[in-house]
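Have a look at the structure below before the remarks.
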Amino acid sequence: MIAEAHHEGRVADDIRPLAQRRSDASIEAAFEGQHHVMTLAQLEELGLSARAVRHRMTAGRLRRMHRGVYAIGRPTTAGRWMAAVLAAGGGAVLSHRSAAALWGLRADMRARIDVTVMGGSGRVRAGIDFHSGASLEPADVDVKDGIPCTSLVRTMIDLAAVVDRRSLERAVDRAEELRAFDLGAVAAMLARARGRRGAANLAAVLDAYEGPVITRSEIEERLLELIASARLPRPQVNEWIPLEDGTGYRPDFLWRDARLVVEVDGRTYHARRSAFRHDRQRDRRLALAGFETRRYDASEVVEHGGRVIDEIRAFLHGAMADDTRRRSN
């Protein structure tokens, strides 16, 4: 019987790899949206026992990230962020410096990860800095690349509490470059967060910018009204322009047939040096792809809307004439 049992064990070992490979592939596919990171409870929902999980860890097919959280293979930075959020439990979100890195506002080279939790900041987990989520509201929570995180605006206020002023200024610059800075949302959040150190720091940085504040959405709506009143062809709004290298841009307004891009800056301080450099690089790349870019700031659209419309009309008419000549030749 011992010999038979041993023989049966060898047979099971011989046929097990094929079944495991299929199972491992299904596990990987199931958690692709979580950057190949998962909890023990999620694995059990797929039918894996704790013993099966230990077996995969021993074989090197699963890596323990935190207690009850595992990764397939070597986790990416996004996988590490996801693992920290999962380890913190339900309602946890990536926040502060880590969320700023996720949103693309600044790099975060620290080994530790910032996570905000609803149950307070007294928890202890290796590699995780916990923050209290007592003031979190539904509008403060978002999902970026599949990772639960604080909204971009809430992230900026939280970031303002943990970095120096120059780092915060650079993050604001980067938000401008990404065209992701909604001053209306920032103002609303600052009013709600009055009294918090992060809110005060961010408000001080924004106060250093001069000029009237007009939000992006307001100035875009104004230009669309002018275009409609002038009976010009309606542009595509925030439509993707793919480039040959696989990247691309999503301009404010696009007349694709005329190869015209129009960008509007909803903040008079947008033309700071870093934003200026980014915008000019973007214009050059679009020019190589055959697109003409025209840029207008808020004051031009509000105070000289007729002149802006005349320039757009002249370009569109010129493009139509060029197209007619090409067709006739």
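Source: prediction; values computed, not measured. Computed over heavy atoms, backbone and side chain alike; hydrogens, waters and symmetry mates excluded.
The only option from Thr150, Thr116, Asp114 that meets the side chain to side chain donor-acceptor pair (under 3.5 Å) definition with His131 turns out to be Asp114.
Ion pairing between a basic and an acidic side chain is recognised when a charged N comes within 4.0 Å of a carboxylate O; Arg112 and Asp129 show such pairing. Looking at Asp164 and Arg170, no side-chain N of the basic residue comes within less than 4.0 Å of a carboxylate O on the acidic one, giving no salt bridge.
How far CG of Asp252 is from CG of Leu223: 9.0 Å, rounded to the nearest 0.5 Å. For the atom pair CZ (Arg284) and CD (Gln281), the distance works out to 6.0 Å, reported to the nearest 0.5 Å. A distance of 13.0 Å separates CZ in Phe291 from CG in Asp283, rounded to the nearest 0.5 Å.
For the residue pair Tyr249 and Arg285, a side-chain donor N or O sits within less than 3.5 Å of a side-chain acceptor on the partner. With hydrogens and angles left out, the side-chain atoms of Ser98 and Arg80 include no donor and acceptor closer than 3.5 Å.
Across all non-hydrogen atoms, the minimal contact from Leu159 to Ala171 is CD2-CB, 3.7 Å. Scanning both residues, Phe315 and Ala258, for their nearest heavy atoms gives CE2-O, 3.5 Å. The shortest non-hydrogen separation linking Val186 to Val153 is CA-CG1, 3.8 Å.
Without hydrogens or angle criteria, His35 side chain to Asp145 main chain gives a donor-acceptor distance under 3.5 Å. Judged purely by atom type and a 3.5 angstrom limit, Asp245 uses its side chain to pair as donor or acceptor with the backbone of Thr247.
Heavy atoms of other residues, nucleotides or ligands lying less than 6.0 angstrom from CD of Glu44 number more than 12.
Looking only at side-chain heavy atoms (C-beta outward), Met82 and His36 stay at 4.5 Å or farther from each other.
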